[in-house]
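Down below is the structure, laid out as structure tokens.
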Amino acid sequence: MFQTIRGTFDILPDTQEAGKQFVPGSAIWRHVEARVHEVMKRFGFEEIRTPILEPLGLIAHGVGQTTDIVQKEMFVVQRGDEEYVLRPEVTAPVMRSYLQHSLGQRGRAQRLYYLGPCFRAERPQKGRFRQFHQFGVELIGADGPMADAEAIACLRAVYDGFGITGTRLRINSLGDADLRPRYRDALKSYFEPFRDRLSETSRQRLETNPLRILDTKSEDERLLLANAPRIAEFLSDEARAHFDAVKQHLDLLGISCTEDPLLVRGLDYYTGVVFELESDDLGSQSALAAGGRYDGLAESVGGKQPVPAVGWAAGIERLFLAMRASDYDFPEPDRPDAYMVALGTEAQNWVFAKAQHLRAAGFHVEYDLMGRSMKAQMKEANRQRARFAVIVGENELASGTATVRDLDSSEQREVAFDEIVSSLRPPTEP
RNA sequence: GAGGCUGUAGCUCAGUUGGUUAGAGCGCCAGGUUGUGGUCCUGGAGGUCGUGGGUUCGAUCCCCACCAGUCUCCCCA
């Protein structure tokens, strides 16, 4: 028998949470997605949908050759001489689309958001899958600190809206593009004497991407880092002012954040302010969302001039875990207005026709397709938590009335066929 | 990519120191109620014991590999 491939999952009508991984049912996915769309609308972000498949080069140049994503986690699709990738993230594709369609010509700074699947060939863990789902915003065309703060405010609004508690917003600045070479040299000369105390990957990163050493979890390396040169010492006056202004704007909104001089990003396109929303309740997969400014991305994916931009991305699977940890009240399944119970062939035909009629009037109506007994039909009505059972047999056909049973109160009465619609409507408020 | 733990019915799990027909609870189906659900009672269906190989007279049980899940590492949202 075939199964979902490693690190992927089916979203079923019912929530799967027993034992293995927690996968909410499809109605809960729609509910969560709807609330994301709703927050985005309030912030004036417009949805953009880009292909799942992108040119390999876009990702390699956009995300960065030295990143783990590009080096070992991409799903590559070959077709003839072409190589495509299942997108591992959406920022580079959105920038590609912005440039391809000259969205800057729409005038204002573009507030774009997306929601959809991404793919990384990592080893699956709780809250981490090979096909996972992200949503995020990209605010493109504005270089001022207000844009950074606006993006963060939107992030906060999404998570506050879901009632997620126990989160921390960490923030840092990686400075201008010209900071990297200078800071890299300083880090290299600082670590040079301790070379033999570094892990193999950290030694490699010293050459390829020294900033990432700040990310290390090795205790010994963290001790070394305590005295390492700080990015802050290398910030230009301009970058420092931008960073301070972002923090001031967040303060205006009452959004608290923790400055973390060791916070860096795994992807190459980040410059300037970076931030991360972290949960206390999620163990090793603690990052709920992360983002920052990426003024250099446009050029690295082939744009002719720099385009200032800031954005973030959030994982939906982790959002679900955080919601569960915060005891979020997930919506109950939709209740049918009526379950129609038929006794006999003639009644079945009547129910079949009447059900379509009631549905056309806007009701959620169910009935049995398997020709089952009355008891089975009633059981099914109960299982689906229908509000009313509309029972029709020979007696009813003869009298032109249906038995309408309120399944909550167990009261039932006879209702003329053409009054069934009004009997299903909730009593109108006086 | 590395390491640990796990894999028995749709779900949660027992079990067999290697021996004939592998169990429970929940769920599902039917009957008790020839036209009435949610409670109750009775019965039933449902399993290549993750897959493949090995050891053995005999493997769900022991060994190996693979697959999947889970946790930690790496890394990341």
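Just so you know, these numbers come straight off a predicted model, no measurement behind them. In what follows, chains are A, B, ... by sequence order, proteins preceding strands, each numbered from 1.
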Original post:
Reckon A:A381 touches a base, only the sugar-phosphate, or nothing at all at heavy-atom distances under 4.0 Å?
Top reply: nothing
Original post:
Given B:rA77, B:rC71, B:rG37, which nucleotide is nearest the side-chain atoms of A:N382?
Top reply: B:rG37
Original post:
Distance between the C1' atoms of B:rC62 and B:rU56, in whole angstroms?
Top reply: 10 Å
Subject >> Base B:rC28 to side chain A:R383, donor-acceptor N/O within 3.5 Å cut-off >> reply: no
**OP:** Searching all strands shown, indicate the nucleotide that pairs with B:rC26 (Watson-Crick or G-U wobble; both distances under 3.5 Å).
**Re:** B:rG10
Subject >> Non-hydrogen atoms of A:A355 and A:V365 that approach each other most closely >> reply: CB-CG1, 3.9 Å
Subject >> Atom P, compared across B:rC26 and B:rU39: separation rounded to whole Å >> reply: 11 Å
Original post:
Say you pick atom C1' in B:rA45 and the same atom in B:rG27; how far apart are they, in whole Å?
Top reply: 13 Å
**OP:** Establish, with yes or no, whether the OP1 or OP2 oxygen of B:rG1 is under 4.0 angstrom from a side-chain nitrogen or oxygen of A:R123.
**Re:** no
Subject >> Sugar-phosphate, base or nothing in reach of A:R385, heavy atoms under 4.0 Å >> reply: nothing
**OP:** Just call it for A:F132: base, sugar-phosphate, or nothing, with non-hydrogen atoms closer than 4.0 Å on any strand.
**Re:** base
Original post:
Which heavy atom in A:P124 sits nearest to a heavy atom in A:R130, and how many Å separate them?
Top reply: CD-NE, 4.3 Å
Original post:
With a 4.0 Å cut-off on heavy atoms, is A:T67 in touch with a base, just the backbone sugar-phosphate, or nothing at all?
Top reply: nothing
Subject >> Residue A:P124, side-chain heavy atoms: nucleotide from B:rG37, B:rG69, B:rG35 that is nearest >> reply: B:rG69
**OP:** Indicate, with a heavy-atom threshold strictly under 4.0 Å, whether A:A289 touches base, sugar-phosphate, or nothing.
**Re:** sugar-phosphate
Original post:
Looking for any heavy atom pair under 4.0 Å, which part of the strands does A:G344 touch: base, sugar-phosphate only, or nothing?
Top reply: nothing
**OP:** Tell me what A:E276 touches on the nucleic acid: a base, only sugar-phosphate, or nothing, going by heavy atoms under 4.0 Å.
**Re:** nothing
